[in-house]
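Some notes on the structure that comes next.
Because only heavy atoms are used, hydrogens play no part in the values below, and waters and symmetry mates are left out as well, while side chains stay in. So you know, we letter chains A, B, ... as the sequences are listed, proteins then strands, and number each from 1.
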Amino acid sequence: MTTPSQAVSHLQPVLRILSLPRRMRLGIGPMIAAVVLLIIVLASLFAPLYIPHDPLAIDALHRLKGPSETYPLGTDAFGRDLFSRVVMGGRVSLFIGVGAALVSVGLGLVIGLVSGFFRTADAVIMRIMDSLMAIPSILLAIALVALNGPSLWSVICAITIPEIPRVVRLVRSVVLTSREEPYVEAAIALGSSMPKILWQHLMPNTLAPLTVQGTYICASAILVEAILSFLGAGVSTEIPTWGNIMAEGRLYFQIKPMLIFWPGLMLSLCILSINLLGDTARDLLDPRLKKREA
Amino acid sequence: MIGYIFRRVLAVIPVITIVAVFVFLLLRLTPGDPAAIIAGDAATPAQLEKIRTSLGLNDPLPVQFATWVKHLFQGDLGISLISNTSVSSMIADRIWPTINIAVLTIILSVLLAVPMGVLAAWRHRTWVDYAVMSFSVLGFSVPVFVIGYIFIQVFSIELRWLPVQGYTAPSQDFAKFLSKAILPCLTLATIYVALIARMTRASMLEVLGEDFVRTARAKGVSETVVLFRHALQNAAVPILTIIGTGFALLISGVVVTESVFNIPGIGRLTVDAILARDYPVIQAMILLTSALYVFINLLIDVSYSLIDPRIRY
Amino acid sequence: MKFSTKSFEGIPPVLSIENLTVGLTGNPGAKPVLNGISFKIRAGETLCLVGESGSGKSVTSLAAMGLLPKSALEVTGGKILLQDRNLLDLNGRQMRDMRARHLSMVFQEPMTALNPVMRVGQQIEEVLNTHVKISAKEKKQRVLDIMEQVHLPDVDRIYRSYPHQLSGGQRQRIMIAMALILEPQLLIADEPTTALDVTTQRQILSLIAELQAKHGTAVLFITHDMGVVAEIADTVQVMKHGELVEQAPVETLLRNPQMDYTRKLLQAVPSLTPRPARETAPVASALTVQGLRKVYGSSGWLVNREPTNAARDVSFEIPRGRTLGIVGESGSGKSTVARCIMRLIDPTEGSVKVGDLEIATLGRAALRPHRRHIQIVFQDPFRSLNPRWTVGRSLVEGPLNCGEDKGAAMTRARELLALVGLPPDAIDRYPHQFSGGQRQRIAIARAVAMEPDVLVADEAVSALDVSVQDQVLKLLDELQQKLGIAILFITHDLRVAAQICDDVLVMQKGRVVEHDTAANVLGNPKHPYTKALIEAAPGRDWDFANFRELNAASA
Amino acid sequence: MLSVRNRVQDQAKLKGVWSGITQRAASGLIAGALLAGTGLGTAAQAEEKVITAVMHSGLRVVDPVITTAHIVRNHAYMIYDVLVAVDENFTPQPQMASWEISDDKKVYTFTLRDGLLFHDGAPVTAADAVASLKRWGQKDSGGQLIFDVTESLEAKDDKTLVWTLKEPYAPLIDTIAKQSALPPFIMPASVAATPVDTSISSFVGSGPFKFVETEYQPGVSVTYEKFQEYVPRSEPASWMAGGKVVNVDKVKWVTMPDSQTSINALLSSEIDYMEQVPVDLLPILEGSDEVVAEVRDPLGYQTIGRMNFLYPPFDNVKVRKAAMMALSQEDVLGTLIGNPDYYKVCGAVFGCGTPLADETGAETLINGGDIEGAKKALAESGYDGTTVVLMQPTDVPTISAQPIVAAQALRNAGFNVDMQPMDWQTLVTRRASQSKPSEGGWNLFFTNWGVPEINTPLINPMLNGRGDEAWFGWPTDPELEALRKEFIRAETPEEQLAVAKLIQAHALDVVNYIPLGQYLSPQARSTKLVDMIPSPVPVFWNVKKED
């Protein structure tokens, strides 16, 4: 039943995506970023399959050693294998990043939609969000970690909560501006109910900016985790993260800079890639930029 | 205008109230006992209990909250549970290093970032643009403390140009202040420059596409005038906004930088207080920084009307 | 109709464009945006460049100014000679020196073309700062002089004003003052009056003519409006898709167009003569509006603002199958009325009855089932369809809300697409795959799918080129005949109103100043404001579609 | 609430928050800019001899009675003096006072030496000493024991203090001469009147240094200046005893959050002294001619593990023994310190290098552990797999390794370990909780003690079998209590050693706590600092600063 023209039209989205870099004149940066990120993600994901040591295994006789056959990147202050810790740390750091991004975007979307829709709730919600915004996020995060103990979830939670108001504001502003769009007014005229308009017309508009925001949150979460670890309010060292590997390593910065260099490099590369991809996504999704390109 | 400011100030009240309640509850629900910290390693549970009672920590929460708020209204931020000195004098002692460093950082950042952003927007899609953008993405991607350590390693240890750490009040010795403040400020500025340069570029790109820029060019004015006289002022509102919201970022940077460079500012005071559960200090600091954040953003909102005559309140 | 009859025999050209070709930057294979354009303008001559959107008019003017966006467009061939210098050979600095001194430009949108954060006096003075060295006092004097010349009132005050403190007309006068202060040989005016109301447009056109006569400036005037062409042109150039179609002195072109495209373009211009009256069988009223009033911005706590009456005491009635036009300039309150009737905003007082049902006072939820009786088509075809939805999904949204079966709704959607003249496969496509006119058809189909009694068309053809405008108007007319819908047609364009309305209601500052049959309002206006509006309509004495004077037909 | 606190609050109110801040505004940036070129700022300081020292922690609490924190004790040694003090042979010597003991060993008479002055100019009287001792006696566990048998403690005249006991208490002089954790510092009687649970807020002492109150920033820096009127004893300084001769004008303690920064600051002569250098970082200092790294405190620290006696599995002595068998001091110390020059495997609960040292019962600990034996012992103990809640502090480097190493060893032996990370402050709070481990309590944690804090049964906080009154872990151990009483009654060092051996054997038999070995903490100083005396407490008398 499929006519050739239909087949082409089905393929079109795919073709559009494939030709995106060329059409947007993106240059090579985002492509490299994507490849780097993919490598980091895969390497972290499959880390348990190939790491030479248990990242927690202590070797008291081989502390702070340089690279060797047994320890490809050397060992840390506990005699644990740096290589294994860095790749396993990547798993956790990425998990924190993605987790924080998903949770804050998810919660922010719901709260933002509610706020954009229920005018009465809006005032209250926005005051609470303003208050949360006003509290410096790092202090809030330290306090939250202190509250819940340095478990993975409490760190994610501590990173997420300060991000939520930003997401809520974003969603709300998209909802409020989209409400003025003629096609939304047309939908009102067509008798669509408010929840339906909200979900079918307005919510999809938030997805693009939320995707962009999500990448930034993901990047910043990985970074904030490192800072929390640095300040002594991070995840326990039993769960290696790039952040706490660096935080532990900073004591030995001058005698073993590699302890900071490797996790720092991975972290920076990873965040760099995510940010670059986020920028690219934003450029692609920003209608104003699009207009200018046209 | 006055009415607007008045309304904005009124709107601050619920925000600060929520912050106050939130922070208070957050801390009191936190496991952690200042008494245990005061008493040290060898204390017994009975001794801890006595200290708790004497600190008022065994009163019911609402009573503790009411006491705190009552004192707040009298301008009294309380007494540090740990050091037994007044919180306001602790803050007063330690706020100046932070303010001096922060102000210097902002000045430095704006001076660096705005021209960078303008240049990048002007030379959109050229190597200049890519260089500025790469820097600004990089600035976001490296943890502050790593930047700090790199600076220390390079400028203090290898080159021996600048001191490793510390702080001297500018009133005491301005040259010394500068020499000690430069590395922390540069460290702090990295992320701030990245942020402002990005926003300047984006905002300039938008403005440069506007009709009046074309009009200016049609008049035959030079590019410098187009960029800095016509475009920049129009692009300034989002740049100012980001400087305001970036204040939060600055705070988190300050907390870390003060640790790396050993600056006796309020950032470290707060972190130490949180780790030591020094409730009055934490409450005062979070309240103060929140109020400062709100106030700075209020100031920035009001300053919009100076930049853009269309904005009137 | 009095056309310009100046002769330019023997006068040397100020600007000659020879075989100008402009292509996409870095994409030499693509079809050029301008393809071998050549023309000349002589001193004192007004050359009108006309064409529909995308014909390359503005690109031509920007190329002449050297202001093409470098990243998108580049000149690939030809010459632009100003007197004897080829502008394309100049470097950036030399070109900057040329601008404002030898050639200058006025843009379409005077609000955005002026720097919003700079006082207008300084913006004019900046031209002097850039190009001449005279004392500050002299500069100010020259600025005030030129401001007087463009007939700005109270020049000292306006000198210190910001653009947003001025009216649209005043801003455009500032733009003209800025363009002419150094008395350039060539003025390029790119749709300078399109964003203005007709009465203001008239003033600006005569100002340009006046200054041109005074300084002997050559004017390259870009417009899509044939009325304006008839008013001001000496010579006309018709453009289509980056190529010149026809060039002729204005009268020749309007009386005796040679090319098919020109003829089509002219024929699409709606006539100011009202459509023949339709017989008025006594039919039931589809929409009755009584004493409608909308007040914005009441003073609240700590806010002390004067409330604005956007609409006051508006009453009318539209019988089934008839069209009522509301005309007026911007800010007259016509759109407010439309939005109140649609209940997109809540009227402050008054009654809106669709058939016998009072909808002005119904609650949101109670109103929803009755929405299908009254539908709307918006001005901007690019924003009135959800870009993420297929056409089919947009078309069935309303019927599904009314509880219709999805299959049946889709079938009906296909029929509707055929009805509005679109292919059936359009149903699976997305809005961006259609042109503006096609999208407006889809929007109409979407409204019609609800089988409404009343259709509100809010400037529904204003954003479209005349040829497309013509088709959409015809479509509305057809639909009305087939379905018997009552149409409330909101427009600022008297020509359009004349073509489609049975009755016309003229609004000014929120009030109805005249309400009568189209023939009476347009043919025999009573209210001075209506008279002024008609008076200001450019080319109002010319019957473009028939290439002759209007009164010739009645004579 | 109590008077001192209120007084401070009132002052704060008077001052107001903002006036305090605005006053200092004058000395902010603007003033700084004005002064910039003049060089006024440095002129006055050039002639002063100032030692800038980085201590192991910031000073926040200033009451040496309310807390046992080392930094507070160190601070107290700067500004206060003590009646008697211990020298490098662990022998008590007169400091402020000489003493005589009556023949029935029930009356101790102390005589204050001449020239003792408080920093406010008032002479030190016996009444001040009485008040100070009484306040201390409410808090210090050794003091409590003495006051349990005290008949009276009173000032006979300005110089003479008489302490009458109900029964002889042999270790009295040792107890008041101890240098850790709570030595009885002598304060003015008015200050000592502060209730023992309320922190004092006065800084008036009679020690060799005066506290510079205006330069005190809690947690950041504290400055002491030489107390010109202080009269040192004529004997040479030896540990806490002897003449406290001050040879510098000022000593400034600054806190640095990170040892790396301190080391760099020391290398670039920004500071003169660093109290604790992580052993791993010593190589950075090696190349420098201007900095010396050395061990000043010959005893060092003992690192220990403590179990909770109230809840399974460690309420069962067999399980405790199995756990101890699994642990190896070498592994713990190797991981914690690394360089064997700076650690010592030592099974003595009273610390090696002390008079009472004995290693009975610690064989598995000092010989690399016995995992197989531990497995077997655990199997026989009836351990049912109950989770061991192990508290791991994440923010204190000197106790971060022990939990990690121990968790691994215990898991190897068959324990089910739940290592819960937390910051140290959470840990100190939580260890005070007697709740079930699953409800906010705990089973096992680690900490460190300075050896002088644990070197006798009287002061060792762990060796207390009084149940709920005992240190965290709350063992109820009448036998231990009996042995301690016996130790108190012992009169000669030989008798004391004999009892101490019994206590050592008993402690390890019931696994009162697990000594995990001893380590030394090197300090670093600029070579300009000379004549620094060895001492377990970092003291700043005797030391000279060369130009």
Portion of Phe261(A) that has a non-hydrogen atom of chain B nearer than 4.5 angstrom: neither
What's the separation between atom CG in Leu267(A) and atom OG in Ser141(B), rounded to the nearest 0.5 Å? 8.5 Å
Which heavy-atom pair separates Thr270(B) from Leu139(A) by the least distance, and what is that distance? CG2-CD2, 3.7 Å
Turns out that what part of Met133(A) lies under 4.5 Å from chain B's heavy atoms comes down to both
Side chains of Val255(B) and Phe230(A), heavy atoms from C-beta outward: is any pair under 4.5 Å? no
Would you give the length of the straight line joining atom OH of Tyr149(B) to atom CZ of Arg250(A), rounded to the nearest 0.5 angstrom? 4.5 Å
Side chain, backbone, both or neither: which part of Val23(B) has a non-hydrogen atom closer than 4.5 Å to chain A? side chain
Interatomic spacing from CD1 in Ile13(B) to CZ in Arg127(A) - rounded to 0.5 Å: 12.0 Å
Separation of Ile251(B) CD1 from Ile138(A) CD1 (nearest 0.5 Å): 11.0 Å
Greater than 12 external heavy atoms within 6.0 Å of Trp262(A)'s CH2: no
Any idea which heavy atoms bring Asp130(A) and Val15(B) closest together, and the distance? CB-CG2, 3.8 Å
Report yes if some heavy atom in the side chain of Phe22(B) is under 4.5 Å from a heavy atom in the side chain of Leu132(A); otherwise report no. yes
What's the spacing between Ile260(A) CD1 and Gln153(B) CD if we round to 0.5 Å? 10.5 Å
Separation between CD1 (Ile128(A)) and CD1 (Ile18(B)), nearest 0.5 Å, reads 5.5 Å
Chain A: which of Ile16(B), Ile152(B), Val271(B), Val256(B) shares the most heavy-atom pairs with it under 4.5 Å? Val256(B)
Region of Ile135(A) in contact with chain B, defined by heavy-atom distances below 4.5 Å: both
Which bit of Ala219(A) is near chain B, if near means a heavy-atom gap under 4.5 Å: side chain, backbone, both or neither? neither
Give every donor-acceptor pair under 3.5 Å between a side-chain atom in residues 284-299 of chain B and any protein atom, sequence neighbours left out.
residue   : atom : partner   : partner atom : Å
Thr289(B) : OG1  : Met285(B) : O            : 2.7
Thr289(B) : OG1  : Ile286(B) : O            : 3.1
Ser290(B) : OG   : Ile286(B) : O            : 2.7
Asn297(B) : ND2  : Tyr293(B) : O            : 2.9

